[in-house]
There are 4 protein chains.
Amino acid sequence: MPRKGCIHYGVKIKLIKNTDRYILMSSITKKFEMATKADRTKQFIVEQTASVFNVKGFAGTSLTDMMEVTGLTKGSIYGNFKNKDEVAVAAFEHNFQQVSNYIRGKMEERPSIIEKLLVYPETYRNFSKLSFLSNGCPIANTSTEADDTHPQLKEKANEALTYWRNSVEKLLKAGIKNDEIKPDVNVLEFTSILTALIQGAMLHAKSSGKMNYLNASMNYLESMIRELKN
Amino acid sequence: MPRKGCIHYGVKIKLIKNTDRYILMSSITKKFEMATKADRTKQFIVEQTASVFNVKGFAGTSLTDMMEVTGLTKGSIYGNFKNKDEVAVAAFEHNFQQVSNYIRGKMEERPSIIEKLLVYPETYRNFSKLSFLSNGCPIANTSTEADDTHPQLKEKANEALTYWRNSVEKLLKAGIKNDEIKPDVNVLEFTSILTALIQGAMLHAKSSGKMNYLNASMNYLESMIRELKN
Amino acid sequence: MPRKGCIHYGVKIKLIKNTDRYILMSSITKKFEMATKADRTKQFIVEQTASVFNVKGFAGTSLTDMMEVTGLTKGSIYGNFKNKDEVAVAAFEHNFQQVSNYIRGKMEERPSIIEKLLVYPETYRNFSKLSFLSNGCPIANTSTEADDTHPQLKEKANEALTYWRNSVEKLLKAGIKNDEIKPDVNVLEFTSILTALIQGAMLHAKSSGKMNYLNASMNYLESMIRELKN
Amino acid sequence: MPRKGCIHYGVKIKLIKNTDRYILMSSITKKFEMATKADRTKQFIVEQTASVFNVKGFAGTSLTDMMEVTGLTKGSIYGNFKNKDEVAVAAFEHNFQQVSNYIRGKMEERPSIIEKLLVYPETYRNFSKLSFLSNGCPIANTSTEADDTHPQLKEKANEALTYWRNSVEKLLKAGIKNDEIKPDVNVLEFTSILTALIQGAMLHAKSSGKMNYLNASMNYLESMIRELKN
DNA sequence: AATGAATGAGCATTCATTCAT
DNA sequence: GATGAATGAATGCTCATTCAT
């Protein structure tokens, strides 16, 4: 019989307090068997806490929140992570990977650079339907809070932003190289605008609860992208 | 003899615990004498805590932080505000007013609508030199944190954003009316782009610590504004 | 024009916060003009706080409660009393005097000792209609709380109880002397039973919210009193 | 090695601040091994705080008092109880059970109903020697304070009073049924008098610090009980 | 005599973290 | 590897009291 509280064959069994929910391990663990049980538990904690950190922020998320959302005990969380910071960093990385995996996947299906770039406005237009974006852009959420108060998270957010910028720049340069994109495009400027516009527009949508401002910005971004064409 | 801890002739006298700083009352109290001492103290608390709330956020700012930065005791803060929430809301309003007063002031000097609109990119380009913007846009900082966790602050941030949008829209419509601006400009779209671009670009600057991305976006915004010309 | 917050010609004028009530000085001040304004304010504070102390107890009554119920400021209360203890003691004395004045008044109308003694069960039967008893017997309320925690109040409660006992004993002895009451009545025992029965029965009534237990005890007490007859 | 602050083999080991007392777990834990450590600690907290709550009341008992009397930290108390209210309710229940267990035990030794009823005056006569009564009747103490200020405790006190009344009524009815007690006894009245007399007399004893008034009332109660005899 | 701003110790409660089991 | 009891510093907030005005 499985011991209560364990993660058993990919299935969480422990019931905490009055919560009689059985929580299924996320699909990721099914895809490839993880080496050790510890690795699986770590992954489970990260997946479950990721959205809480994205919504409530680092300071606003307590260990009690983390216990509730994972169904695990404090001891168990501390057995797998050094402290709350380490979980928060892992959760941020998970959140960011969810976004970038989704976008990379969509881009792989597209034949041209411009089509690939159009994945950005299309994705953020539908952010509310995507669980990993519905609470806002993890980079924006993390970097506004972590500024000064949490240098390690701030650095992670900055790395993510740099990664994003580099991805866009690579696409632009590749497009220029294969004559798909006008040669005189200002790569730095275009990248700055694309990323800034998306983050600013997401903020407006989250703040106002309305989609029209975000849609207006995404319309503009789409026409900007199409005008890159050589 | 002034009682220790009082704000006397515009100068804080009390030293709390290990903090041997003498804090000058902000300029506002010198400009015009306020009705009551309580009003002055309230104003003083708001001014001193405003930047802490902007940097650390609501959850990250403790009453101890507020004591340290004001040099006042807990009791004194609670004598002037109902609770931490009330201070945070007042501090946000102060932060936002600082920004909008600055921008309104700059705009008043400008003769044309387009010149007035150019105040935005100029201001945010120099955000690091402006104390009320150096820690980032208060709207962005507040709305990313307060989402879900603090409905009242979220609402305040949304109101501020709406106010900003309305200001921009009014300028555009006035410009269209007096033939300074092209009649076919999409007001909603332009407003969305201007505000989103600024907030997104500010976020990048704060996150990376570099100015080039912000400057690139502001360059683009400036040319967009100039192209509004009829 | 009367200064706000003063007690002027026996009428409270100050309005605190949202309480737009004008509070009339109690009848006592009208009966005989008090020497000084201070005396009148002291009396006013005592009268207004007396029932709060009787309901919430000493520890449960805060200065904020006292401010609300009097409409006065803290400074004003402290200008008239050394501290909260002093108000509490005065309030207890006031409460007790209200009860004993009422009972003395009723007794004066009665011709015989036995009729006088019957005032007790009659009074406590109707405790809920008498403002100074509706929150319970002040002696019981004070002595249960003040035990150990507040020696001065405990002593006051004990003095009040002794005064009550003495009153009953005097009546019994006078009745024995003038042959109205049987000579062999055990005065100590009868006094103990009368006072204990009343306090115990009051407690039951307050606790249960029902009158039948109190009435049953008062029925019994009445028949006990009538059987005293020689 | 036992961790400091733990309750180990029934013995509290941790010393808090200036309190160098070693506190023995109460006899109850020795009698039967409790399921979990948490249950034992909860029981320990209840036992240690019960008399403090009975003496100082709910409002008068602080968490610092509770820490001192248990030797535990705040965190530990809050690990075992949701809040102060929950401890107070448990402590009241404990206090009441101590009294009713004692009385039930004494009654079991007695052959007749009248002998059983005599347990009441005998017990309360000796209240000062019984630790759970020496600070006064828990029902009286709780119900006078909790009135209005603490509805849950008030309800508990009322339940306890009802339980007591029912116990007395059952005895009387059983006595009437088996012809030991006069059939025309007014059960409601007798029960009311017995309980009210005891609570009132206890109050006098606690207030005056003298036993003669209590003894006089108990003498009377004893003769009342004996006169029930058929 | 009364005000009201300020005090700072104290309040109940929650926090991230530890560690014997 | 996981548990859960315990820690104690820190949290937001209220308290009775003081005193310059």
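To find a chain, count down the sequence lines: A is the first, B the second, and so on, and within it residues start at 1.
The interatomic distance linking D/I45 (CD1) with F/dA5 (P) rounds to 11 Å, in whole Å. Rounded to whole angstrom, the span from the CD atom of B/Q43 across to the P atom of E/dA5 amounts to 15 Å. With rounding to whole Å, D/R40 atom CZ is found 15 Å from F/dG4 atom P. In this structure, CD1 of B/I77 is placed 12 Å from C1' of E/dA6, rounded to the nearest angstrom. Straight-line distance from the CE atom of A/M67 to the C1' atom of F/dA2: 12 Å, rounded to whole Å. Remark: P of F/dG1 and NZ of A/K42 are 11 Å apart, rounded to the nearest angstrom. Atom pair C/L72:CG and E/dT3:C1' shows a separation of 11 Å (rounding to whole Å applied). Atom CZ in C/F81 sits roughly 16 Å away from atom P in F/dA16 (whole-Å rounding).
The phosphate of F/dT3 has OP1 or OP2 within less than 4.0 Å of a side-chain N or O from A/S76. The side chain of D/N80 contributes no N or O atom lying less than 4.0 Å from OP1 or OP2 of F/dG4.
Evaluation of the ring pair (Phe, Tyr, Trp, His ring centres under 6.0 Å) test over residues 46-73 of chain D, restricted to residues two or more places apart or in two chains, returns D/F58-D/H150.
Between the side chain of A/T61 and the main chain of A/G57, a donor-acceptor pair closer than 3.5 Å is present.
Residues meeting the side-chain hydrogen bond (donor to acceptor under 3.5 Å, both in side chains) test with B/K154, sequence neighbours left out: B/D147. Contacts of C/V55 classified as side chain to side chain contact (heavy atoms under 4.5 Å, CB included), with partners at least two apart in sequence or in another chain: C/N135, D/D148. With sequence neighbours excluded, the residues satisfying side-chain hydrogen bond (donor to acceptor under 3.5 Å, both in side chains) with C/K156 are C/E93. C/Y78 pairs by the side chain to side chain contact (heavy atoms under 4.5 Å, CB included) definition with C/L63, C/N83, not counting sequence neighbours. Residues that satisfy the side chain to side chain contact (heavy atoms under 4.5 Å, CB included) test with C/T149, not counting sequence neighbours, are D/K56. Remark: A/S62 pairs with A/D65 by the side-chain hydrogen bond (donor to acceptor under 3.5 Å, both in side chains) rule, at least two apart or across chains.
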key: Paired and unpaired positions of DNA chain E as dot-bracket, Watson-Crick or G-U wobble under 3.5 Å, | denoting a partner strand   = .||||||||||||||||||||
remark   = Whether each nucleotide of nucleotides 10-15 of chain E has a protein heavy atom under 4.0 Å at its base (B), only at its sugar-phosphate (S) or at neither (-) is summarised, 5' to 3', as -SBBBS
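Residues D/I45 and D/I77 approach most closely at CD1-CA, 4.0 Å, considering heavy atoms.
Distances from the side chain of D/T41 to the nucleotides E/dT7, F/dA5, E/dA6 place F/dA5 closest.
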